[in-house]
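Contents: one structure, followed by commentary.
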Amino acid sequence: MAEPAVASPYLPEPFRIRRRRRETADTWTLELEPAAGGDVFAFEPGQFTMVYAFGAGEVPISISGDPGRRDRLVHTVRIAGATTRAICSLRRGGTLGIRGPYGTAWPVRRAEGGDLVIAAGGIGLAPLRPAIYAALARREAFDRVVLLYGSRSPDQLLYPGELERLRARSVDVHVTVDRADESWNGPVGVVTTLIERARFDPERATALVCGPEVMMRFTAAGLAAAGISTNRVFLSLERNMKCALGQCGRCQFGPVFVCGDGPVFPYAAVERLLTVPEL
Amino acid sequence: MAERRTIRTDFLARVEGEGAMRVVIRDRQVADIELRIYEPPRFFEAFLRGRSYLEAPDITARICGICPVAYQMSACHAMEDACGVTVDEPIRNLRRLLYCGEWIESHALHVFLLHAPDFLGYDGAPAMARDLPKVVEDGLALKKAGNEVMRVVGGREIHPINVRVGGFYRAPSRRELDALVEPLERAREIALETVRLTASLPMPELEFEHELLAVSSPGEYPIDQGRLASSGGLDFGPAEFQQHVVEEHVERSNALHATLDGGVYLTGPIARFNLAFDELSPLAREAAAEVGLAPPSRNPFRSIVIRSVEMVYACDEALRLLADYVEPERPYVDVPPRAGVGFGVTEAPRGALWHRYELADDGTILDAKIVPPTSQNQKAIEGDLYRFVERHVDLPDDELGLRCEQAIRNHDPCISCAAHFLEFRRTNR
Amino acid sequence: MARRKKLAVWKFASCDGCQLSLLDCEDELLALAGEVEIAHFLEASSAVRGGPYDVSLVEGSITTPEDAERIQRVRRLSRRLVTIGACATAGGIQALRNFADVREFTSVVYATPDYISTLATSTPISSHVTVDFELHGCPVNKHQLLEVLSAFLNERRPAIPAYSVCVECKRRGNVCVMVAHGTPCLGPVTHAGCGALCPSYHRGCYGCFGPMESPNTVSLTREWLKLGADGRDTRRAFRTFHAAAEPFRAAGDSHG
Amino acid sequence: MKLLEQPALEGLLEALVERGFRLVGPTVADGAIVYDEIRSAADLPAGWTDEQDAGTYRLKRRDDDALFGYAVGPQSWKRLLHPPSVTLFRARRNGEAELEVLPEPEEEPRPVAFVGVRSCDLHAIAKLDRVFLGGRYVNPAYEARRGRVFVVAVNCGVAGGTCFCVSMGTGPRATFGYDVVLTELVEDGRRGYLADAGSERGAELLAGLAAREASAEEEAEGERIVERTAASMGRRLETAGLPELLARNRDHPRWDDVAERCLTCGNCTMVCPTCFCTTVEDVTDLTGVEAERRQVWDSCFTLDFSYLHGGGVRTTPKARYRQWLTHKLGTWHAQFGESGCVGCGRCITWCPARIDITEEAAALREDAR
Ligand SMILES: Cc1cc2nc3c(=O)[nH]c(=O)nc-3n(C[C@H](O)[C@H](O)[C@H](O)COP(=O)(O)OP(=O)(O)OC[C@H]3O[C@@H](n4cnc5c(N)ncnc54)[C@H](O)[C@@H]3O)c2cc1C
Ligand code: SF4
Ligand code: SF4
Ligand code: SF4
C-alpha cells in the first residue's frame, strides 16, 4: 500500500528573521521571510501561526503584520516562558519554524459601511494590527475607525510611533494605562473606561476585541451595553494549544476548538461560556 | 624540635560517600592515622523498627545506591531465615544472576572510573578518557552489561524493584534474558582484557597481615549465600556472627569499627579470592594464572586485578545461569511471618554484608542490625595506611597523600554504607 | 565556540544512588564530559575547580548544622540549582526521623552519642535555599536526569511531567495491577517518571517518585482498604521514601 | 453467509498471514485479555472470559473453549492506530541561522489484521477517523496506519459487566467498518463461526477458505446469540437530551461529589478508545544540535493540559472531571455530530476509584436543571 503523498501538516517551514525590534522590556516584533525564498503565504487579519523554536517548543502566535504584504511575516511576541524566550532571543538571521496560517479571521470586510471599533489590551494589540491595516487599506469604506487601547503602564505600549501615524490617518485613537508615570498625561484606568469616550454608532458598528480574558469579558459586555449587538462584537480567545489542527484536543472551550472554530468568535457565541469558571 | 608532618585529604574523592583522611608523621614515625567518616548518619536500624518484614529489602536498599542488591539479598535471606523458609533453586539462581549484575557494575565502576586513574596518574575518568578513550569506553561497556542484568532482572539499575522476600515479583521471560547473552559475552571478553590491563599497572609494594573473612558456600564462589570462613580457620554460620565480630564506636567517625575475635580483619575481593580461589570458573582461574595472580595474594594494591578476575567470573557465572534458566513456576515462595530472629549474610562487591532482624509474630520488625563491609574493613584500611606510610615515609607530601588515597581505594570503601546505621539521638540544634 | 558550561554535583545525606545515575549513563557520559566541564563531582573525579557553576546538581537532604551552612554556599556558587532525588526534594527516607517519638528515641541511645552531631530533622534542599528545578525519584531516572541536564544546558523547559504514574503505565500498555489483580498501587497519586516500573513487574507502585501534581490520597486510601489493606499498610505506604512530602505526610498522619 | 468450522478459522488467519498481514488479536497476558501480536488461533484466549465491574477485572475460565467469549479488555485499537508516542519530526540546527526540519521516515509499512474487533470498537475507530481524517486537516501518519488495516470483527457473544453499547447504539452487532465479521457458535463442545464479508477483499478471502454455506438454522442461532448479548448489558445510559442537559448543568453539585472520589489519574482517558488528546514533548540531545518533537498521549486530567501562562484553566479536579464527561457525552456532539462514547465500559472497569460514567450521568440527570 503506498503512502499518501501529502506532507504532514505538523511540519514547520524554516523562516529567517530579517529584522527584529524591541517593543517593550519583554516584547519583540520579528519580521520573518521564508528561508527558502519566495513569498509568505496569504493570511487574513486575526489568524495565527505555530512558531517553532528549535528544541524549545512550538507556540501559537498571531500574525501582527500587514495582510497586504507578502514579502514578510510579522509576529509580535511577549516573553511568557521558555519557548517565547527562545523565540525572542534569536538574533537577526536566526531561523524559526513556521506553519500556518490557522484560525478564523476578524470580519473586517463585514464591518464596512459602518463604524469599526477596535479594543485592545496589552499584547492583544498585536493580533488586531492586521485588522487596522486592512481597514486603512479601504479606509473610505468605513465611517469611523476607533482604536481603544489599554496597557499596564506607558512603557508597555506597543507600536507607540505607529499610534501617532494612525491618528494622522483619521483613526480615532484612545489610549489608557493602568498605572501612569510622570511622562503620561493621558487617561488612567482600564480599557472599558474608554468606551464612553469613544464616539461610534452602535447600530452600525462592529467591534473587535483582544486582550486578557477578563479584559475581553468586561469590554465585550461594555460594548454590548453601549448598544452594539453581541453578534457584531468579536473576541479572540486563547487556550493551550499544541497542534492548531484540531487534533490535540487541548484548545477546547466547551463545544468549540479555539484553533479552528476560533480564535476569533462572535461574542454572542461565547458569552455564556465565558461565565463558566474553569471551562 | 620534632619534625611533624600532617597529610590530609578533607574530601575523599572517587569513593562512595563522604570521608576524610589524616596521617600524622612525627620524626619519621607514623603518629596517627585516621580515616574519618563524616557522612551524616541516616539511622536505618532505628526506623526499620515497627516496619513490616516485607519492607526491609526496599528500605535497606536505600542505604547504598552502589550495592542495593547486596542489601536486598541479605535482608531477604534474614527474613526467610526468621520465618523458616528457603526458596527454590530457580529463584535462588535468579538472585545469583541479579547479584552477578551488581558485581559487574560495581567492580567496573570501581576499577575503571574510581581506581585506575590512581595508577595511571589521572584525577578521574573524564581526564583519563581524553588520553585513553578505549580503556574508559571498555570500562563503561562492562559496567553497562552489569547494569543491563540488573535492569532486566531487577527492573532498574539502582534500587531494583523486582526483589521481594521469598523471591521476585515477576520472573523475567526467557526472551528478556536471551537479550543479555550477547552483551555479557562481550563483557567477558573485556573483563579478560581488563585482567591483563590491570596486572600491567605499576603496583606499589605493600603486604598486609590481617585475617581474611568471606562467605563460604561449598562448591561455588561466594556471592549470594553461605556461612562465614576466615583465613585463620574460623567457620561459623550467620547466626554466630556477633560472637566473633564486635563493633565499637570510635570518636572521630560516624561509623562503627569492627574486629574479628578481637583482631583486625579484611573482607571483600581479596578475602574471597584468597579463600575461594578454587571455586572460580576455569576461565577466571586461567585469567589469573596468566598474569601470575594466585593465592596467597597479600598486596592490597593488587585488589584491582582481583576485581578484574571477579568480573570475568561474574560474567561467566551470569552466562551459565542464563543458559540454565528455567522460568520458575511461581516467581516467589510464600513467606508467612512468625516471631523469631533471622540472619542473612551475602557478599556485596566490597565484602560481607550481614543482617539480623527480630520479628514479632505478625512480621513487624522489633530490632534490626546491619554490619556493612566498610565498617568491618575500616581498621584494616587504617592498618594498610600505617604500613604504607611507614615504608614510604620519604615520599614528598603530595605523592604520599595520593598514594594513601589510592591505598584507601584498594578496598572500595562505601562510606554511605558505613554511616547508615547509628541509632538516632536527637540533638535539638 | 561558546565557553563550556560548568557542572557541579554535590552530595548531602543520601545513598549516592542519584549521582550514580549520572555515571550510569554509560552511553552519554563521555559526550557529557565533552559538552560540559565537570568542575566538581567528587564521586567521579578528584579534580575540583572553583565556582561559580552554571548548573549544580544536588543530591541528599540536610541533616546536620554543617550541611545547612554548606548548602547556602553551594547556592551562592550556582547559577542554576537542580535537586535530584527523594532526599534532596523531600528529605528522603531519613526524614522518617522527623516522625520519631521523643520518648521512643531517647531510650535508644547508642554507645557514645557525643561523637554524633545531627539535626532533629531531615529536610529538603528547598527548605533552605531557592531551587530552580526538582527532579523526583528514589533514585532519579537516568533518562530524566539527562533530559533535565540538556534542558538546562540548552535553556529550555525540561519535559518532566508531573501527572500520575498511571498515565505512563497505560502508555506502556501494562495491565493495571490494582484493577486486574487487586494489588494496592500508589500509582494514581504518584509522580510519573519511572515509566511505571513496578506495575510492569506485577507489583503495586510504592511511590518512590513522590506525590503527583494533584494527589487524592483520601480516595486512594479508601480503595486500598477495599482491597484488603489495613490502616497500618496505608500509613506505611505513604510514610516511606517521601514521608515528609506534604501530601504524603498528611496521608500518613491521617490513617492507621 | 459462510460457516467456518474450527480448522477453517485457523485457515482464515493463515490466509491473512500468507497475504503478508501481521496479526494482532486478543491473547491472555498478565491476568487480562490484551491485544498483542498473535501467531495463530492457538494464541487466542480459548476458554477464557472476564468478570468486569467498576474498578475490577478478573479472568475466569469458561466451561467451554470459546475463543471470543469475553468482552473488551484494557487496551483498545487506539494503541495501534494512534500510538502512545509518535515522533512528529526531528530537527537539526547549525548555529542559529540554519534549521533543518527532518520528516519522520515511514513507519513499518507491513499491513496488519486486527482480529476480533468488537462493534463498539468499530465505532470507536470511526470516531478517531473523524478526528484525524475528517476535520480541517488530515493526519497522514494516521491515514497510513489506517490504510494498512484489515478488520476481522466479531459479534459479541457475551456482554461485559460494564458494557452499555446498546444504550449508545454502537453494538453488540457489527454493522460496518469490517472486512470480515464472525459470530462464534459454541454448541456441545463444537465450535463454528458464521462469517460474512464486509468488503471485496473480505469476500475474496472467505471465498478461498474451506467453508460451507451456513444453514438457516445456524444463521438464526447467530441472531439469537447477539440478541441475548444485547439483552444482558451490564450497564445502561439514558442518552436522551444529554448534551443539552450537560450544558445546562455545569454547576451541578454532583461534580463536587465525583471530584472527591476522582484521583485525576487519567486512567479513564488512557483506556477510552476514542480519547485522542495529546501533548508534545520537545527534547534535544546534550549538544543542542539535534531536537525531536514527539506527540504523546495526554489526558484532560493533567494540570498541564489546560495550562496557560499565568495559571491553568482547569485546576480543580471537579473542572477536569467535568471536562472529560461533558466532552464525551455532550460537546462531542457539537464537534463531530455524535457522541464521543461508544459504551465499551473500559473507563468504568479501569478506574481505580470505581467511578462509573453511567452512574455519574444518571446522577446528574436526577436533579438536573
Ligand atoms: C491563538 C493565539 C494567539 C496568540 N498570539 C500571541 C501573540 O501574538 N503574541 C504573543 O506574545 N503571544 C501570543 N499567544 C500566547 C502565546 O502562545 C503564549 O504566550 C505561549 O504559548 C507561551 O509559551 P511559553 O512556552 O513561552 O510559556 P510557558 O508559560 O512556559 O508555556 C508552556 C506551554 O504552555 C502552552 N501555553 C502557555 N500559555 C499559552 C497561551 N497563552 N496560549 C496558548 N498556549 C499556551 C504552550 O504550549 C507553551 O509552550 C497566543 C496564543 C494563542 C492561543
Ligand atoms: S497499575 Fe497502578 S500505576 Fe498502573 S494504572 Fe493501575 S493504579 Fe495506575
Ligand atoms: S467514555 Fe468510557 S464507555 Fe465511553 S467509549 Fe470511552 S471508555 Fe468506553
Ligand atoms: S475518573 Fe477514575 S480513571 Fe478517570 S481520572 Fe478519575 S479516578 Fe482516574
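Quick note: numbers below take in every heavy atom, side chains included, and nothing from hydrogens, waters or symmetry partners. Lettering follows sequence order; numbering is per chain, from 1.
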Is the CZ atom of A:Arg110 crowded by more than 12 outside heavy atoms at less than 6.0 Å?
no
Which atoms of D:Arg314 come close to chain A, meaning under 4.5 Å heavy atom to heavy atom: side chain ones, backbone ones, both, or neither?
both
With side chain to side chain contact (heavy atoms under 4.5 Å, CB included) as the criterion, how do A:Thr275 and D:Arg250 come out once you've worked through the C-alpha distance, each side chain's angles and the decisive distance to 0.1 Å?
CA-CA 11 Å; A:Thr275 63; D:Arg250 289 197 170 96; over 6 Å; no
Could you check which of A:Pro14, A:Pro9, A:Gly97 has the highest count of heavy-atom pairs closer than 4.5 Å to chain D?
A:Pro9
When the 4.5 angstrom heavy-atom criterion is applied to A:Leu279 and chain D, the contacting part is both
Tabulate below the donor-acceptor pairs under 3.5 Å that side-chain atoms of residues 254-262 of chain A make, not counting sequence neighbours, or state none.
unit_1	atom_1	unit_2	atom_2	d
A:Asp261	OD1	D:Arg136	NH2	2.9
A:Asp261	OD2	A:Phe257	N	2.8

Considering only heavy atoms and a distance below 4.5 Å, find which of D:Asn139, D:Leu102, D:Val283 pairs most often with chain A.
D:Asn139
Which bit of A:Pro212 comes within less than 4.5 Å of chain D, counting heavy atoms only: side chain, backbone, both or neither?
neither
For A:Ala36, which atoms come within 4.5 Å of any heavy atom of chain D: side chain, backbone, both, or neither?
neither
D:Glu108 atom CD, over 12 foreign heavy atoms within 6.0 Å
yes
Any luck finding a side-chain donor-acceptor pair between D:Gln335 and A:Gln252 under 3.5 Å?
yes
Donor-acceptor contact below 3.5 Å, side chain A:Asn240 vs main chain D:Leu308
no
Thinking salt bridges, do D:Asp298 and A:Arg250 make one under a 4.0 Å N-O criterion?
yes
For D:Val296, is it the side chain, the backbone, both or neither that has a heavy atom under 4.5 Å from a heavy atom of chain A?
neither
Does a sphere of radius 6.0 Å around CZ in A:Arg91 hold more than 12 heavy atoms from other residues, nucleotides or ligands, not counting ones at 6.0 Å or beyond?
no
Under a 4.5 Å cut-off applied to non-hydrogen side-chain atoms, are D:Asp282 and A:Tyr52 in contact?
yes
Can you see which heavy atom on A:Pro12 is nearest to which on D:Phe89, and at what distance?
CD-CE2, 3.4 Å
Apply side chain to side chain contact (heavy atoms under 4.5 Å, CB included) to the pair D:Gln323 and A:Glu278, showing each step before the final yes or no.
CA-CA 9 Å; D:Gln323 164 63 25; A:Glu278 296 196 86; over 6 Å; no
Part of A:Ala80 lying under 4.5 Å from any heavy atom of chain D
both
If you count the non-hydrogen atoms of other residues, nucleotides and ligands that lie under 6.0 Å from CZ in A:Phe218, is the total more than 12?
no
At a heavy-atom separation under 4.5 Å, does D:Thr284 approach chain A through its side chain, its backbone, both, or neither?
side chain
Go through the steps to decide whether D:Arg92 and A:Phe54 satisfy the test side chain to side chain contact (heavy atoms under 4.5 Å, CB included), and finish with yes or no.
CA-CA 8 Å; D:Arg92 195 176 301 132; A:Phe54 175 86; 5.5 Å; no
Could you list the residues that satisfy ring pair (Phe, Tyr, Trp, His ring centres under 6.0 Å) with D:Trp255, not counting sequence neighbours?
none
CZ/A:Arg19: more than 12 non-hydrogen atoms of other groups inside 6.0 Å:
no
If we only count heavy atoms from C-beta on, is the A:Lys242 to D:Thr278 side-chain gap below 4.5 Å?
no
Return the CZ to SG distance between D:Phe305 and A:Cys248, rounded to the nearest 0.5 Å.
7.0 Å
So which part of A:Arg92 gets closer than 4.5 Å to some heavy atom of chain D, the side chain, the backbone, both or neither?
neither
Output the distance between atom CD (A:Gln247) and atom CZ (D:Phe276), rounded to the nearest 0.5 Å.
8.5 Å
Note: A:Leu11 and D:Leu88 closest approach over all heavy atoms is CD2-O, 4.0 Å
Name the region of D:Arg93, side chain, backbone, both or neither, that has any atom closer than 4.5 Å to a heavy atom of chain A.
both
Modelled atom types, side-chain donor and acceptor of A:Thr95 and D:Glu96, under 3.5 Å:
no
In terms of heavy-atom pairs under 4.5 Å with chain A, which of D:Arg322, D:Glu98, D:Glu104 leads?
D:Arg322
Residue among D:Thr315, D:Asp285, D:Asp251 with most heavy-atom pairs under 4.5 Å to chain A:
D:Thr315
Side chains of D:Gln295 and A:Tyr10 only: does a donor on one sit below 3.5 Å from an acceptor on the other?
yes
Taking every non-hydrogen pair under 4.5 Å, which of D:Thr331, D:Asp304, D:Thr326, D:Val313 racks up the most with chain A?
D:Val313
Which portion of A:Glu58 sits near chain D, non-hydrogen atoms under 4.5 angstrom:
both
Which atom pair, heavy atoms only, marks the closest approach of A:Ala7 to D:Pro140?
O-CG, 4.0 Å
Residue from A:Glu238, A:Glu13, A:Arg239, A:Arg272 scoring the most non-hydrogen pairs under 4.5 Å with chain D is A:Arg239
